Every structure is written in structure tokens, then in C-alpha cells.
Amino acid sequence: MAVKSLDEIDKEYIAQALKLAKNGLYTAAPNPCVGCIIVKDNEVLGSGFHIKAGTPHAEVWAIRNSGGRDLTDATAYVTLEPCSHFGLTPPCAKALVEAKVKRVVCAMVDPNPLVAGKGIKILEDAGIEVKVGVLENEAQELNKSFLYAMKHNLPYVTVKYGMSLDGKVAMKSGESKWITSTDSRKDVQRLRLLNQAILTSATTVLADNPSLNVRYDELPRDVMEACPRDLLRQPLKVVVDSKARVTDYNLNIFKTGSKVILVRLSEDNDVYTTDVNENISIMYIPSNAENANHIDMKLLLSELHKLKIRGVLVEAGGTFVGNLFKQNLVNEVITYIAPKVLGKDAMQAFAYSTEESLQDIKNMQLFSVETINNDVKLIYRLN
Ligand SMILES: NC(=O)c1ccc[n+]([C@@H]2O[C@H](COP(=O)([O-])OP(=O)(O)OC[C@H]3O[C@@H](n4cnc5c(N)ncnc54)[C@H](OP(=O)(O)O)[C@@H]3O)[C@@H](O)[C@H]2O)c1
């Protein structure tokens, strides 16, 4: 039997650590998902993952799960650079030094300015050999929203919509329940849980009276397994309402017990928030120079970043989505296409006018294609 090289062994253990990290996919935000495995003489002595902010990080769980066995000279495999700072928990790099591991293999450097290389430095200063960049692309994909937020100080924005084969999202009357199948709509429950905020428009809230919540019993089975009921966290709901039209607090969006922010146009240039009650706030955001009648969407997104929102899911009609798209504020588009034709008078998925020529039109990268019964789910990413 061929002997495995050290690179191959490192890849195998990082792949296992990535699998563990995925357990935090629906619960770890605003923190990244991280997994850790501690190995000595080809035996896994301890493993762990980060489940929720405020609880121990993956490295600490892995050390704890080793049950007090001697970790001297072991190798720790971590999917993200061990942290170097005191946040809600003490630094993991120090915990690995104290555990006397000999090598640390990490999939990638943590771009969080509080860490970014400092964790690696603590390890190297203590004489620990550090290898970085094993299965880096996979590790980046797992934490794409967190990484984007750290780099751009904005959340990663995903637009989701269900549409007909002819690209329509509602009838002329506004009726849109339901274009896609029950299973496609169940899949949307997963998206709501993957993102910490849902962004919508006053128009959609008034037209559809949606709840925009996560309904545990409708989650796909794999999501239920990764997210126990007691860890379910409802996304923040953010309703752009420049004209202050949403004033009826009996609408469904206010009935789910989770927080709603209504975003209104600020008369001066200030950004400020007032609380209506424990669950409803009004955030005032100014317009930008090009669009005096509507709030400045980029500014709103940067305010959401300050609230540690890493991923935003947009669920709105074509006008809202089209304007976000036009302003280059969309990172990913997820569409569920149903085998129906709604005709020329129905509402467009992206309702905005463009005077660009075809060669200037944005191109997207196809990320995945999936069939859900009779519907097709497409994920496209923008560069
Ligand atoms: N099939 C689906 O997946 C799906 C999902 C959601 C909604 N829908 C359907 O979509 C329909 C609503 O679509 P819609 O197009 O009428 O409304 P919409 O896209 O949901 O919202 C329009 C909002 O965009 C803002 N807006 C308008 N012009 C703008 C501009 N030039 N720049 C920036 N912001 C601008 C306005 O907000 P402010 O004035 O407050 O700034 C307005 O409330 C509903 O009938 C709903 O059923 C379908």
C-alpha cells in the first residue's frame, strides 16, 4: 500500500475538520464556522466545532474533548487561523500553545482585523510549526459571508426570488402566492436561517403581508439535524420604507416575536434609530445624491454590518431587487424557476431600465443548478 505524503495526510484531516465546521453553519453567526481536530500518531485525540457566539471555539472543544490525554507534539488541524484576541472567549492560539502541540495546520488566515496573522504569530513565537492554505477554497466557501463582511465592511447580499419560466415574480394584480412548489419554498427556509437578516420593501410587506420567519417544522431534514430547535434564531427583518407607509403593527411581519427594523428616510443627514418597542425599531437613513426619494441602500447595508449582520437575504419584488442590482449591491442571485408562464403583463423579476449596451451588462458566474421536483434552483454569483 502506498504511503501517504504529509500533504495528503494534512488534506484528509483538514477535510474532516471542515466537515465538523459545517455543524455551525446555521448557528455560529456572527462568528465564522470553525472545526478543529487534534491528531497524534495518526490517532484523533480530540475534535470540536464552534456552535454559537459566546460559547468555546473549536480548538477549545477539541482540547477539552481529548479527555486530558497528553497533546504534547500533536498536530492541530483548524479550518481558520486560531484567534489571538480576548472576545467573548480567551484566545485559541494561546490554548494550543499551552496544550504543547507541535504543529498547527490551518486552512486559511482569518481576515478579521482583530486576528489576521496575529494568531499565527503567537504560535510561531512559541516554536510551533504552522502550515497555512490547506483546502483554502473549501474553507472560504464555508464562511463566504463572514469573509466578505470582514473585507468590505458590508454584509454579503443574496437576492432570492421565485419566478415563472418567463421571468415573472407576480401577476399584474400583485398576486404571487404561489408561483413555485412547496418544496422550493421549504428550501427558502434554509436560506432564511443561513442569513442573519431579511431585507424587503414596504411595497412587498403591504402587498403580501408576509411573516418572513423561519418555521422550524418546515426546515429540510439536514438543516434540522444541524440546528437543534433550541438553537433556532429568527433573522432580523429589515423593511425599507422611505415613505413611512408601514404603520400597522398588526401586519404578520410584526407577529413572529422577532425584531423588525423599519427603515425610513432621514430628513437631515444623520443616521439614527428610535425604538417603538422591544421588537420594533425605526432606523433613519438619508438618501444619496442620485436618488433623493429613497434611502441610501449602501449606507443601510453598512449600518447592518455594524450590527454584525454577515449575510442579508433579499425577498422583495422586481423594483427593489432591480435597484439593488443596478447599484452593484448584490453578491448572489438565487432563483427558483417554476414551469409556469405568467404572460407579458405580469411583474418582472428585475424591474429596472438600463441604457447600457449588451457588452456593458453584468455577467454572472453559475455556481450551482439543482432540481426541486418540477422547479429548477439556480445560484449565480457576481464578481
Ligand atoms: N416571486 C417572488 O419571489 C416575490 C418576492 C417578493 C415580492 N414579490 C411580489 O413583488 C410585488 C412587489 O413588487 P414591486 O416591484 O411592486 O415592489 P418591490 O420591488 O417589492 O418594492 C418596491 C420598492 O422599491 C423602492 N424603490 C422604488 N423605486 C426605487 C428607485 N428608483 N430606487 C430605489 N428604490 C426604489 C421603493 O421603496 P421606498 O419608496 O420605500 O424607498 C418601493 O417600496 C408584490 O406583488 C409581491 O407579491 C414576489
Side-chain angles (χ1 to χ4, degrees), residues 157-182 184-189 191-192 198-213 237-247 251-253 260-267 282-301 312-330 332-343 345-355 372 375-379:
V157 176
T158 301
V159 163
K160 159 265 145 190
Y161 56 95
M163 70 172 192
S164 60
L165 208 49
D166 54 342
K168 309 291 174 166
V169 292
M171 300 303 284
K172 188 182 177 186
S173 63
E175 182 190 355
S176 65
K177 288 176 181 165
W178 298 107
I179 296 172
T180 55
S181 67
T182 312
S184 290
R185 299 199 310 275
K186 274 191 179 184
D187 194 68
V188 172
Q189 294 284 314
L191 301 183
R192 288 186 184 164
I198 297 179
L199 180 62
T200 189
S201 71
T203 306
T204 285
V205 166
L206 295 172
D208 293 359
N209 195 13
S211 298
L212 299 178
N213 61 336
K237 287 169 263 193
V238 183
V239 183
V240 172
D241 185 18
S242 303
K243 318 274 176 324
R245 290 183 293 147
V246 179
T247 50
L251 288 165
N252 286 339
I253 200 163
V260 181
I261 299 182
L262 298 171
V263 189
R264 293 184 182 162
L265 202 54
S266 171
E267 295 300 328
I282 301 181
M283 184 186 274
Y284 291 88
I285 299 274
S287 60
N288 65 17
E290 291 101 61
N291 204 342
N293 297 322
H294 303 281
I295 64 132
D296 181 336
M297 286 304 302
K298 191 167 183 186
L299 192 53
L300 168 61
L301 291 174
V312 167
L313 181 69
V314 181
E315 296 196 50
T319 313
F320 190 80
V321 165
N323 279 293
L324 271 181
F325 196 73
K326 194 174 180 178
Q327 293 174 60
N328 295 318
L329 295 174
V330 177
E332 186 165 308
V333 175
I334 301 184
T335 182
Y336 299 84
I337 306 174
K340 296 185 173 97
V341 172
L342 302 192
D345 295 328
M347 292 189 191
Q348 280 286 126
F350 287 74
Y352 71 102
S353 53
T354 172
E355 277 145 30
I372 302 180
D375 297 347
V376 179
K377 176 185 179 186
L378 297 176
I379 304 185

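One-based numbering, in listed order, for ligands and for the atoms of each. All figures in this text were calculated on a predicted structure; none of them were measured in a lab.
The closest side-chain heavy-atom distance from Thr319 to Thr203 is not below 4.5 Å. Here the side chains of Lys168 and Met163 are not in contact, with every heavy-atom distance at 4.5 Å or above. Within the 4.5 Å cutoff, side-chain heavy atoms of Leu206 are placed close to those of Leu251. Considering only heavy atoms from C-beta on, Val321 stays 4.5 Å or farther from Val169 through its side chain.
Smallest separation of non-hydrogen atoms from Leu299 and Pro286: CD2-CD, 3.6 Å. Smallest separation of non-hydrogen atoms from Ala202 and Val246: CB-CG2, 3.8 Å.
When atom types are taken as modelled, the side chain of Asn288 and the backbone of Asp296 share no donor-acceptor pair closer than 3.5 angstrom. At distances below 3.5 Å, not a single donor-acceptor pair connects side-chain atoms of Lys298 with backbone N or O atoms of Gln327. Using modelled atom types, no side-chain atom of Ser287 and backbone atom of Asn293 make a donor-acceptor pair closer than 3.5 Å.
Taking only non-hydrogen atoms, the option from Gln348, Lys168, Met347 nearest to atom 11 (C) of ligand 1 is Met347. Among Val169, Thr203, Asp208, the residue whose heavy atom sits closest to atom 48 (C) of ligand 1 is Val169. Of the candidates Glu315, Met171, Lys243, it is Lys243 that places a heavy atom closest to atom 39 (O) of ligand 1. Checking Gln327, Glu290, His294, Lys172 against atom 25 (C) of ligand 1, the nearest heavy atom belongs to His294.
In this structure, Lys177 does not count as a contact residue of ligand 1, since none of its heavy atoms falls inside 4.0 Å of the ligand. Not a single heavy atom of Ala351 sits less than 4.0 Å from an atom of ligand 1.
Nearest protein heavy-atom contact of atom 15 (O) of ligand 1 is Thr319 OG1, 2.5 Å. The closest protein non-hydrogen atom to atom 12 (C) of ligand 1 is Thr204 OG1, 3.7 Å. For atom 31 (N) of ligand 1, the closest non-hydrogen atom on the protein side is Asn323 OD1, 3.5 Å. Counting protein heavy atoms only, atom 5 (C) of ligand 1 is closest to Ala316 O, 3.4 Å. Atom 45 (O) of ligand 1 has its closest protein heavy atom at Gly174 O, 2.9 Å. Atom 21 (O) of ligand 1 has as its closest protein heavy atom Ser201 OG, 3.0 Å. Of the protein's non-hydrogen atoms, the one nearest atom 10 (O) of ligand 1 is Gly317 CA, 3.3 Å. Shortest contact from atom 40 (O) of ligand 1 to any protein heavy atom: Ser242 N, 2.7 Å.
Interface atoms of ligand 1 facing Gly162, defined by a heavy-atom separation under 4.0 Å, are 1 (N), 2 (C), 3 (O). Near Asn291, meaning under 4.0 Å from any of its heavy atoms, are these atoms of ligand 1: 30 (C), 31 (N), 32 (N), 33 (C).
For ligand 1, the polar-atom distance check against Tyr161 finds no nitrogen or oxygen pair separated by under 3.5 Å. The N/O atoms of Ile179, backbone and side chain alike, include none that comes under 3.5 Å of an N/O atom in ligand 1.
Within a 6.0 Å radius of NZ in Lys172, other residues, nucleotides and ligands contribute 12 heavy atoms or fewer.
With a heavy-atom cut-off of 4.0 Å, Arg245 touches ligand 1 through its side chain alone.
A centroid separation of 6.0 Å or more is found between the aromatic rings of Phe320 and Tyr161.
Remark: Asp241 CG to Thr200 OG1 distance equals 10.5 Å, nearest 0.5 Å.
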